[in-house]
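Everything on this sheet refers to the single structure shown next.
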There are 2 protein chains.
Amino acid sequence: MLNYQAPLDLVFQALADPARRAMVERLSRSPASVSELARPFDMSLPAVMQHLDVLEASGLVRSEKVGRVRTCRVDDANLKLAGDWISKRRALWEQRFDRLADYLAEQKPKSKRRRKS
Amino acid sequence: MLNYQAPLDLVFQALADPARRAMVERLSRSPASVSELARPFDMSLPAVMQHLDVLEASGLVRSEKVGRVRTCRVDDANLKLAGDWISKRRALWEQRFDRLADYLAEQKPKSKRRRKS
DNA sequence: TTGATAGTTAAGCATGTACTTAAGTATCAC
DNA sequence: GTGATACTTAAGTACATGCTTAACTATCAA
């Protein structure tokens with residue numbers, strides 16, 4: 001397990017680059033070939049391929065080659081994984097916030113704070 | 001804008017490291033001091049500090065020092081930013097999937113495919 | 001079979017990242 | 001003041017990342 005990278009590491013790492021996010025954005029609309037994907041970028045094809053490798057390694061994108069054209073598409077599963085992780089942290093954070101609100105609501109009436117209006 | 005890093009770059013980059021995710025996880029339960037935060041890790045204090053710098057630069061964590069103790073807490077805003085980005089891509093992706101389903105639903109009855117059951 | 005198209009591989013290079021150790025600087029408790 | 005506590009800064013190192021150019025391999029079309 002020394003060289004193991006957790007799926008979330010790979011997904012967040014992949015999303016940390018604006019070019020790769022743009023590619024995911026493009027692919028979430030519809031599948032595309034490598035050159036279609038490369039077109040908007042001021043970047044060599046090999047560079048685009050390397051971004052694609054990162055996206056595939058992270059599981060955010062799958063691709064298959066037919067003839068000389070490789071068609072890429074989004075794979076939702078790992079995007080969901082990342083979304084779920086974030087949701088869980090946010091839920092915990094808000095839960096804590098609610099507990100604080102409850103605590104304050106319990107304390108305030110007993111204190112000599114002035115009423116609203 | 002040459003050296004500018006978009007907020008999402010910083011947030012996803014920050015979340016790409018398991019130690020930093022663990023810190024966010026810890027802090028989403030309650031605020032903590034630097035040494036509390038460091039305790040679970042087999043890592044020097046300066047290393048923890050550097051992770052904290054990354055988290056603060058990304059806006060995921062805020063901190064303030066009182067006396068000699070720095071207290072860190074989660075800042076939800078940028079976590080939400082990342083969550084929203086992911087939700088949007090997923091929504092687009094599913095929308096496309098639905099359009100495909102509609103298309104198939106429209107085509108199937110006209111074809112000579114066999115009925116279900 | 002020849003040329004154009006679509007992608008791939010390899011090598012190299014400049015920066016960035018994730019640590020480390022060593023040596024600080026402010027509190028705080030007595 | 002003195003020592004312990006809680007960070008903080010600086011410097012160095014190993015490896016990862018994001019590109020580049022050059023050269024190559026498979027289609028496909030005529």
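Every value quoted in this text rests on a predicted model; they were computed, and no experiment measured them. Note on naming: letters A, B, ... go to the chains in the order of the sequence lines (proteins, then strands), and numbering restarts at 1 for each one. These numbers come from the heavy atoms of this one structure, side chains and all, not from hydrogens, waters or symmetry mates.
Atom C1' of nucleotide C:dT9 and atom CG of A:Asp53 are separated by 11 Å, given to the nearest angstrom. One interatomic measurement links the two molecules: CD of A:Glu64 to P of C:dA6, which rounds to 18 Å at whole-angstrom precision. Look at CD on A:Gln13: it is 9 Å from P on C:dT17, rounded to the nearest Å. Atom P of nucleotide D:dT17 and atom CG of A:Leu55 are separated by 13 Å, given to the nearest angstrom. One can place CG of B:Asp9 at 15 Å from C1' of C:dT17, the figure rounded to the nearest angstrom. Atom CG in B:Leu10 sits roughly 13 Å away from atom C1' in C:dG16 (whole-Å rounding). Across the protein-nucleic acid pair, A:Asp17 atom CG and D:dT17 atom C1' stand 9 Å apart, rounded to whole Å.
Residues A:Leu52 and B:Val48 each lie close to DNA chain C; by heavy-atom proximity, the contact nearer the 5' end of the strand is made by A:Leu52. Projected onto DNA chain D by closest heavy-atom contact, A:Gly67 and A:Met43 fall at different nucleotides, the more 5' of which corresponds to A:Met43.
Here the side chain of B:Glu56 pairs no donor or acceptor atom with the backbone of B:Asp53 at under 3.5 angstrom. With hydrogens and angles ignored, the 3.5 Å screen pairs no side-chain donor or acceptor of B:Glu94 with any backbone N or O of B:Ala91.
Taking CD of A:Glu36 as the start and CZ of A:Arg70 as the end, the distance is 14.5 Å to the nearest 0.5 Å. To the nearest 0.5 Å, atoms CG (B:Leu55) and CG (B:Leu10) are separated by 11.0 Å.
Axis orientation changes by 30° from one end of the helix from C:dT1-D:dA30 to C:dC30-D:dG1 to the other, with each end axis drawn from 5 pairs and the value rounded to 10°.
Among the nucleotides C:dA18, D:dT20, D:dG18, the one closest to the side chain of A:His51 is D:dG18.
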Tell me, with the steps shown, if A:Arg21 and B:Asp9 meet salt bridge (Lys or Arg N to Asp or Glu O under 4.0 Å).
CA-CA 9 Å; A:Arg21 278 202 308 282; B:Asp9 291 24; 2.5 Å; yes
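A salt bridge between B:Arg89 and A:Glu25 is present, with a side-chain N of the basic residue lying under 4.0 Å from a carboxylate O of the acidic one.
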Please produce a list of atom pairs where a protein N or O lies less than 3.5 Å from an N or O of nucleotides 5-15 of chain D.
unit_1 : atom_1 : unit_2  : atom_2 : d
D:dT5  : O4'    : B:Arg68 : NH1    : 3.4
D:dT5  : O2     : B:Arg68 : NH1    : 2.6
D:dA6  : O3'    : B:Arg68 : O      : 3.1
D:dC7  : OP1    : B:Arg70 : N      : 2.8
D:dC7  : OP2    : B:Ser35 : N      : 3.0
D:dC7  : OP2    : B:Ser35 : OG     : 2.2
D:dC7  : O3'    : B:Lys65 : NZ     : 3.4
D:dT8  : OP1    : B:Lys65 : NZ     : 3.4
D:dT8  : OP1    : B:Arg70 : NE     : 2.9
D:dT8  : OP1    : B:Arg70 : NH2    : 2.8
D:dT8  : OP2    : B:Arg70 : NE     : 3.3

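Transitive grouping of hydrophobic side chains (ILVMFWY, heavy atoms separated by less than 4.5 Å) keeps A:Val48 and A:Val54 in distinct clusters.
Qualifying side-chain hydrogen bond (donor to acceptor under 3.5 Å, both in side chains) partners for A:Asp84, counting only residues two or more places apart in sequence or in other chains: A:Lys80.
Considering only heavy atoms from C-beta on, A:Thr71 stays 4.5 Å or farther from A:Ser63 through its side chain.
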